[in-house]
Amino acid sequence: MKIKLFTFPNILTLCNLLCGAGATVAALRYGNLFWPLVLIVTAAVFDFLDGFAARLLKSYSPLGKELDSLADCISFGMAPAAVLLNVYYAAGGEGLWGYSVFVLAAFSALRLAKFNIDENQTTQFIGLPSPASALLVAASGYLVGTGQYAVGPWFAVGLAAVLSYLLVCNVPMFALKFKHYGFRGNEVRYIFAVCALLSLAIWHIVAIPFIIVAYVAVSLAVRAACFRKS
């Protein structure tokens, strides 16, 4: 069987992976929390574009699916864990407890492996998507690093634990995937997207953690509403 390695979607996926590797090095080697944010955001853009390109070019392949998960493990698992390790020690943490934040990398890998075989995640997510988790960590790390948030070292450990749970929990969370572009049936997606964009335009990076928290809250509210109707 002939396998095409360097398709356009796969090249975009590799760009995602390289951004994640760069973010990890910036956090661990240079103690920099600005570039991890920039690179994780860029990785998320590439993560969106590779799927979009695959659909547009009809270039789906098992290789592309597996490569995407491997890249996401680096960009949205290892890189944010490296950011949290930096935050732990920068906030005055001592000893080896800081390395417990790498549980986030492990649970990100579990979440991605589960996604690959879970047929219930075609129109929605089950658990928090790994890019959302990574964006929350990257933005929070940058805000802590610039003195806009004052936290203790256990903030990093606690955030890693909470996100690890959310990544693998069985809570349905809406996806910004549109089967059609009409408003009816996409009310939650459109309203959330508009509010998120307005928040970013007004508050910039400060808005990112709140957008991710709001995403989880809205998903829980939608689930509760569905339970009441049933």
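Just so it is clear, the values below take in all heavy atoms, side chains as well, and ignore hydrogens, waters and symmetry mates.
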Got more than 12 heavy atoms from elsewhere within 6.0 Å of [atom1], [X]?
X	atom1	value
Y89	OH	yes
W97	CH2	no
L96	CG	no
E187	CD	yes

Do [X] and [Y] belong to the same hydrophobic cluster, where Ile, Leu, Val, Met, Phe, Trp and Tyr are linked whenever their side-chain heavy atoms lie under 4.5 Å apart, directly or via other members?
X	Y	answer
V38	L18	no
L135	V101	yes
I126	L220	no

Step-by-step ring pair (Phe, Tyr, Trp, His ring centres under 6.0 Å) determination, F174 to F192: CA-CA 10 Å; F174 69 92; F192 182 82; 5.4 Å; yes
W35 CH2 to Y142 OH distance, which is reported to the nearest 0.5 Å: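 The CH2 atom of W35 sits 11.5 Å away from the OH atom of Y142.
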Which residues share a side chain to side chain donor-acceptor pair (under 3.5 Å) with Q148, sequence neighbours left out: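 With sequence neighbours excluded, Q148 shows a side chain to side chain donor-acceptor pair (under 3.5 Å) to T146, given in chain and number order.
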Side-chain donor-acceptor distances from residues 102-109 under 3.5 Å, at least two apart:
from : atom 1 : to   : atom 2 : distance (Å)
S108 : OG     : F76  : O      : 3.4
S108 : OG     : L104 : O      : 2.7

Audit row: V87, V137, side chain to side chain contact (heavy atoms under 4.5 Å, CB included) steps and yes/no: CA-CA 10 Å; V87 169; V137 169; over 6 Å; no
L14 and F46: CA distance, side-chain angles, deciding distance, side chain to side chain contact (heavy atoms under 4.5 Å, CB included) verdict: CA-CA 9 Å; L14 290 173; F46 280 123; over 6 Å; no
Donor-acceptor pairs under 3.5 Å, side chain of residues 62-72 to any protein atom, not counting sequence neighbours: which ones?
from : atom 1 : to   : atom 2 : distance (Å)
K65  : NZ     : N116 : O      : 2.8
S69  : OG     : N116 : OD1    : 3.1
S69  : OG     : N116 : ND2    : 3.0
D72  : OD1    : N16  : ND2    : 2.9

Parallel, tilted or perpendicular: rings of F115 and F125 (30°, 60°):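 Ring orientation of F125 relative to F115: tilted.
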